[in-house]
Amino acid sequence: VMDNDAVFYRELPKVELHAHLNGSVSAQTIEKLISRKPHLNIEHSMTAIGKGQRRTLDECFEVFRVIHKLVDTEEDILMVATDVIKEFAADGVKYLELRSTPREERDTGLTKRSYIETVIKAIQKCKEEGVDIDVRFLVAIDRRNGTEVALETVNLAEEFMLSSDGLVVGIDLSGDPTVGHGKDLLPALQKAKNSGLKLSLHLSEIPSQLDESDLLLSLPPDRIGHGTFLHPEVGGSQSLVDKVVQKKIPIELCLTSNVKGNTVPCYAKHHFKYWYELGHPTVLCTDDKGVFCTDLSQEYQLAASTFGLSHEAVWKLSQQAIDSIFGPETVKQQLKEKWNDLHPQLFK
Ligand SMILES: CC(C)=CCNc1ncnc2c1ncn2[C@@H]1O[C@H](COP(=O)(O)O)[C@@H](O)[C@H]1O
Ligand SMILES: [Zn+2]
């Protein structure tokens, strides 16, 4: 049974802009995958970080390696993407940008191309079934794989941007922040930007990435993921903050991910406060709802209870997220109308 407040957050129309496909796999879907591959001897406890648990970044990235073993065929990807989209829709998400790293698996014949095609197929299937959510796709670059793979990924993304009927809208830069350097990926990112792909980059997710963040901000990216260590209070710098503010680059904030991944000490000290008080565009997101056992309604509720936001303020936050989407202007207008239509129902 849900209390009234939980109902408000679920019925609140929401925009999700930072969701890694394989980190978003629910417990139910993990169980289906495990029963397809019992020989792997994987248990659900190996793919999720439960309530009150915290892990090091290394341990978190180990979780993705386990999930990738469970998701290694076109059939798996189709199921995972379809389930994830339906779960976001059931949580009141009206617009979703999913991101995922195209992977090649020699054993199953999966190629980077068929990987992308399969995610697109899942999006189209949900649309045909009338699921009430607009879904777009960001093709992800895993920073550990270096220059060549980044370029190959961008080339594929450019191709699908033109052939997917507007479903592929951008590039994500993610992966273990302790591995690799942004300078090696700059040419690929620049090429993507020049071709019209939007860029969402994980930036300053850990301390001591000031040079890299400064370099990547020169592109500039269209959105920033996390930006945990950009501001001077945590070892960033005022000049980095000034650049982000001047260019009005929206920041995707994932509270539970940062607490469970141990990059912020507790919810109350999350950098949401810093950017929200500046009046800078911030978008609440889940990052990896499956791994971190959360959903977007819960993230909004946590932000509100931690920082004392009224329902009106929360509404504004979810509404303003529309301005940061990578989808076209027509979609922004449709979403704004949808929000207006739903407002009376939530504030009766
Ligand atoms: C460790 C931790 C706190 C995780 C949250 N922060 C993250 N930081 C950087 N890259 C990420 C994060 N979460 C997921 N990813 C990326 O998303 C991938 C999983 O989704 P996919 O296979 O691309 O569909 C991971 O292998 C990684 O490349
Ligand atoms: Zn992320």
Side-chain angles (χ1 to χ4, degrees), residues 15-20 23 57 60 97 99 138 140-143 170-183 185-186 189 193 198-288 292 296 299-300 302-303 306-307 317 320-321 323-326:
V15 164
E16 168 66 81
L17 301 181
H18 189 136
H20 300 272
L57 274 190
C60 292
E97 285 176 18
R99 53 185 80 192
L138 309 182
I141 294 174
D142 185 335
R143 49 184 294 139
I171 289 285
D172 155 63
L173 173 64
S174 55
D176 186 341
T178 64
V179 181
H181 196 286
K183 67 176 187 301
L185 311 167
L186 201 62
L189 297 171
K193 197 177 165 73
K198 303 280 190 182
L199 300 180
S200 172
L201 310 182
H202 284 62
L203 231 63
S204 286
E205 193 178 354
I206 54 169
S208 74
Q209 286 185 306
L210 272 71
D211 290 348
E212 181 186 280
S213 293
D214 195 52
L215 183 72
L216 294 176
L217 280 174
S218 69
L219 280 158
D222 299 281
R223 291 199 311 254
I224 292 169
H226 303 300
T228 316
F229 295 92
L230 286 171
H231 56 295
E233 278 92 332
V234 287
S237 76
Q238 191 58 45
S239 98
L240 286 174
V241 172
D242 290 345
K243 281 184 189 172
V244 174
V245 170
Q246 269 161 25
K247 294 174 181 165
K248 287 205 177 72
I249 309 172
I251 309 187
E252 304 151 357
L253 297 172
C254 315
L255 276 65
T256 299
S257 164
N258 297 154
V259 169
K260 290 193 173 177
N262 251 316
T263 54
V264 304
C266 58
Y267 285 98
K269 291 196 172 138
H270 193 277
H271 51 294
F272 171 84
K273 188 176 161 69
Y274 179 89
W275 294 98
Y276 185 74
E277 284 175 358
L278 272 183
H280 189 79
T282 56
V283 184
L284 291 176
C285 302
T286 54
D287 210 7
D288 300 289
F292 298 119
L296 194 55
E299 295 300 300
Y300 270 85
L302 277 164
T306 307
F307 302 106
L317 198 57
Q320 282 171 355
D323 292 320
S324 301
I325 71 169
F326 289 167

(request) Taking side chain to side chain contact (heavy atoms under 4.5 Å, CB included) as the test, write out the residues that go with Asp211, two or more places apart. (result) none

(request) Could you list the residues that satisfy side chain to side chain contact (heavy atoms under 4.5 Å, CB included) with Lys248, not counting sequence neighbours? (result) none

Please examine the side chains of [Y] and [X], heavy atoms only from C-beta on, and report whether any two atoms are closer than 4.5 Å.
X: Leu317; Y: Phe272; value: yes
X: Trp275; Y: Val245; value: yes
X: Val241; Y: Tyr274; value: yes
X: Lys198; Y: Leu138; value: no
X: Gln209; Y: Pro177; value: yes

(message) Between Arg143 and Glu212, does any NZ, NE, NH1 or NH2 come within less than 4.0 Å of an OD or OE carboxylate oxygen?
(response) yes

For a quick test of your reading: what N or O donor-acceptor pairs under 3.5 Å do the side chains of residues 216-224 make, sequence neighbours left out?
residue: Ser218; atom: OG; partner: Leu215; partner atom: O; Å: 2.4
residue: Asp222; atom: OD2; partner: Leu199; partner atom: N; Å: 2.8
residue: Arg223; atom: NE; partner: Glu252; partner atom: OE2; Å: 2.6
residue: Arg223; atom: NH1; partner: Glu97; partner atom: OE1; Å: 3.1
residue: Arg223; atom: NH1; partner: Ser324; partner atom: O; Å: 2.8
residue: Arg223; atom: NH2; partner: Leu17; partner atom: O; Å: 3.3
residue: Arg223; atom: NH2; partner: Glu97; partner atom: OE1; Å: 2.8
residue: Arg223; atom: NH2; partner: Glu252; partner atom: OE2; Å: 3.3

(message) Please check this pair: side chain of Glu299 against backbone of Thr256, looking for a donor-acceptor N/O pair closer than 3.5 Å.
(response) yes

Under 3.5 Å, which donor-acceptor pairs link side chains of residues 225-234 to any protein atom two or more places apart or in another chain?
residue: His226; atom: ND1; partner: Asn258; partner atom: ND2; Å: 3.3
residue: His226; atom: NE2; partner: Asp287; partner atom: OD2; Å: 3.3

Short side-chain donor-acceptor distance under 3.5 Å, [Y] and [X]:
X: Thr286; Y: Glu16; answer: yes
X: Ser174; Y: Arg99; answer: no
X: His202; Y: Asp172; answer: yes

When rounded to the nearest 0.5 angstrom, what is the spacing between [atom1] in [X] and [atom2] in [Y]?
X: Ile206; Y: Thr178; atom1: CD1; atom2: OG1; result: 6.0 Å
X: Leu255; Y: Lys260; atom1: CG; atom2: NZ; result: 12.5 Å
X: Tyr276; Y: Ile251; atom1: OH; atom2: CD1; result: 15.0 Å
X: Ser204; Y: Leu240; atom1: OG; atom2: CG; result: 6.0 Å

(request) Quick one: closest heavy-atom pair of Phe307 and Ala268, and the distance? (result) CE2-O, 3.6 Å

(message) Testing the basics here: between Gly175 and Asp142, what is the closest heavy-atom pair and its distance to 0.1 Å?
(response) CA-OD1, 3.7 Å

(request) For atom NZ of Lys193, decide whether the heavy atoms of other residues, nucleotides or ligands shown that lie under 6.0 angstrom number more than 12. (result) yes

(request) Could I get the full list of ring pair (Phe, Tyr, Trp, His ring centres under 6.0 Å) partners for His181, not counting sequence neighbours? (result) none

(request) Report the residues that fulfil ring pair (Phe, Tyr, Trp, His ring centres under 6.0 Å) with Phe292, sequence neighbours left out, ordered by chain and then residue number. (result) none

(request) Apply the test side chain to side chain contact (heavy atoms under 4.5 Å, CB included) to residues Asn262 and Leu57: give CA-CA distance (whole Å), side-chain angles for both, the deciding distance (0.1 Å), then the verdict. (result) CA-CA 7 Å; Asn262 251 316; Leu57 274 190; over 6 Å; no

